[in-house]
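Below, chains carry the letters A, B, ... as their sequence lines are ordered, and counting in each starts from 1.
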Number of protein chains: 2
Amino acid sequence: MSAAGKAPLQCADCPIRHRAVCARCEQDELQMLEDMKYYRSYDPGQTMVWAGDQMDFVASLVSGVATLTQTMEDGRTQMVGLLLPSDFIGRPGRATAPFTVTAVSEVTVCCFRKRPFERMMVTTPHIAQRLLEMALDELDAAREWMLLLGRKTAREKIASLIAIIARRSHDGTSLPSRHQVDLPLTREAMADYLGLTLETVSRQVSALKRDGLIELEGKRRIVIPDFERLLGETGDDSDGGPLI
Amino acid sequence: MSAAGKAPLQCADCPIRHRAVCARCEQDELQMLEDMKYYRSYDPGQTMVWAGDQMDFVASLVSGVATLTQTMEDGRTQMVGLLLPSDFIGRPGRATAPFTVTAVSEVTVCCFRKRPFERMMVTTPHIAQRLLEMALDELDAAREWMLLLGRKTAREKIASLIAIIARRSHDGTSLPSRHQVDLPLTREAMADYLGLTLETVSRQVSALKRDGLIELEGKRRIVIPDFERLLGETGDDSDGGPLI
DNA sequence: GGCCGTCCTTGATCCTGATCAAGAACACCG
DNA sequence: CGGTGTTCTTGATCAGGATCAAGGACGGCC
């Protein structure tokens with residue numbers, strides 16, 4: 001993690017620019033963030049935060065993939081969010097975590113101690129505005145996902161998930177016509193995200209492969225020969241679906 | 001929630017206190033809100049905002065019930081939010097509405113012109129903070145709903161919906177042991193909320209009635225003889241579920 | 001009152017995805 | 001290399017909820 005050039009618009013030595021806090025920060029504000037920050041790492045499968053835990057920090061995901069999940073007493077679980085690098089974790093103004101956060105791969109987060117962060121929010125209004133923007137983005141994504149969970153077929157769900165991961169892993173840039181995607185999720189995690197069982201996920205992935213909509217390289221790497229055609233299977237209108 | 005002491009903490013002539021904007025406003029700020037506000041009314045079934053519409057206002061629901069819905073080309077629709085009095089509508093900083101808003105009953109909203117409201121947000125930081133809090137509440141509720149949509153059975157979904165409406169219509173106050181709830185939704189709207197068909201909703205409501213968990217007075221009024229027992233059917237742990 | 005439209009209920013049947021079960025592919029490791 | 005554990009695939013069967021269909025309840029209105 002090398003320090004970036006001069007007067008960087010990012011926390012000094014983070015490899016990514018934290019979307020949440022740095023976009024418009026001045027040098028002295030960046031220094032405040034430096035003073036309250038520290039790094040943590042997690043192994044694949046490790047739970048970073050349990051639902052209900054006291055949280056004395058907020059954080060930004062630097063590298064790796066993590067999930068937000070919710071579990072019923074009898075073990076039924078539903079993933080309610082997928083965290084990729086630059087995503088924000090935690091709630092200023094809330095004492096406890098509402099959902100469980102689990103590392104899917106090797107994960108590094110950049111944490112900010114919560115009290116100082118909250119104090120800084122009061123004096124630095126654009127941070128609250130940026131957090132509001134992010135919360136509204138997440139809210140829109142969650143609501144799009146509600147349509148998927150409530151109304152889409154298994155095939156549409158799988159196609160939507162692959163399309164979303166493809167789009168998110170390219171983060172805004174247009175997709176090459178023949179695109180490779182590294183699925184960060186096991187079949188079981190996909191099932192928990194989509195409200196399906198892992199057997200159904202496996203069957204539908206096989207079906208999409210049989211129909212030539214995707215190709216598999218190993219279990220976790222997917223090649224999308226024709227992205228438009230995959231989008232046609234999602235049930236979404238042409239402009240594409242959510243960006244969870 | 002009556003006005004605390006002097007200098008009323010609410011917009012001058014609104015019958016409710018807007019959760020979003022007034023909590024900590026001083027007299028001069030309330031005057032600014034007065035200057036940018038106007039009222040609109042809608043009839044039952046009337047669509048207030050279409051997904052994709054340009055929106056030049058934000059608003060607070062004063063009376064009535066409205067829904068936030070999303071529709072696929074083939075007509076499958078999913079409700080993604082239920083708006084009750086004091087709920088906020090619209091997004092500062094966003095040009096267009098992401099979802100369709102429809103009045104379920106007679107609805108009155110108090111609108112604030114968006115540009116002045118956004119300008120006010122810059123100079124009045126606690127407004128952005130309050131909006132952030134509300135967005136986080138909605139986000140939590142949406143994610144709880146994802147668990148319902150993805151993992152609960154039809155019976156659990158119905159029980160959860162009734163429990164939520166019961167809790168929300170009493171807005172925080174504890175429930176009397178034998179509680180009446182006015183269902184503001186048709187069977188079809190309930191189905192769209194729960195990711196079911198209206199026939200399944202009807203069957204499950206009948207089943208809950210048959211099992212003595214609810215009683216019906218007419219089609220739309222429900223009596224809950226034992227709220228705890230109803231909660232036992234929701235699949236949630238004892239502390240109760242979301243508050244959408 | 002009688003008619004009509006909307007909303008709701010109930011029944012019969014079908015189908016998608018869940019469940020139960022077995023084995024294959026693969027990585028890791030001694 | 002073979003053994004072991006995890007992840008994935010595929011098959012057989014089941015069941016919950018969707019779909020198709022008919023009719024009932026209720027309110028509004030002439």
Would you tabulate the side-chain donor-acceptor contacts of residues 62-69 of chain A under 3.5 Å, counting partners in other chains and residues two or more places apart, or write 'none'?
none

**Message:** Using a strict threshold of under 4.0 Å (side-chain N to carboxylate O), is an ion pair present between D87(B) and R168(B)?
**Reply:** yes

Only pairs under 3.5 Å count here: list side-chain donor-acceptor contacts from residues 41-59 of chain B, not counting sequence neighbours, and write none if there are none.
unit_1	atom_1	unit_2	atom_2	d
Q46(B)	OE1	D43(B)	N	2.8
D53(B)	OD2	W50(B)	N	3.0

**Request:** Taking side chain to side chain donor-acceptor pair (under 3.5 Å) as the test, write out the residues that go with R221(A), two or more places apart.
**Result:** Q180(A), D182(A)

**Asked** What pairs with R203(B) under side chain to side chain donor-acceptor pair (under 3.5 Å), at least two apart in sequence or on another chain?
**Response** none

**Message:** List the residues meeting side chain to side chain donor-acceptor pair (under 3.5 Å) with R220(B), not counting sequence neighbours, and say none if there are none.
**Reply:** none

**Prompt:** Tell me, which of residues 181-190 of chain B have any heavy atom that sits under 4.0 Å from an atom in DNA chain C?
**Reply:** T186(B), R187(B)

**Message:** Take a 6.0 Å sphere around CZ of R40(A) and say whether it holds more than 12 heavy atoms from other residues, nucleotides or ligands.
**Reply:** no

**Request:** Can you tell me the distance, in whole Å, between the CG atom of L198(B) and the C1' atom of dC7(C)?
**Result:** 9 Å

**Helical bend (five base pairs per end, nearest 10°) for the helix from dG1(C)-dC30(D) to dG30(C)-dC1(D)** = 30°

**Prompt:** Of all residues at least two apart in sequence or in a different chain, which pass the side chain to side chain contact (heavy atoms under 4.5 Å, CB included) check with R155(A)?
**Reply:** T153(A), Q204(A), A207(A), L208(A), D211(A), L213(A), E233(A)

**Message:** Restricting to side chain to side chain donor-acceptor pair (under 3.5 Å), what partner residues turn up for R94(A), sequence neighbours left out?
**Reply:** D137(B), D140(B)

**Message:** Does anything in residues 200-212 of chain A come within less than 4.0 Å of DNA chain C? Heavy atoms only, and list the residues if so.
**Reply:** T200(A), R203(A)

**Between dA24(C) (P) and K219(A) (NZ): distance, integer Å** = 13 Å

**Residues which pass side chain to side chain contact (heavy atoms under 4.5 Å, CB included) with K219(B), listed by chain and number, not counting sequence neighbours** = none

**Nucleotides bounding contact with chain B, strand DNA chain D, heavy-atom threshold 4.0 Å** = dG17(D) to dC20(D)

**Asked** Looking across every strand, which nucleic acid part, if any, lies under 4.0 Å from R76(A) by heavy atom: base, sugar-phosphate, or nothing?
**Response** nothing

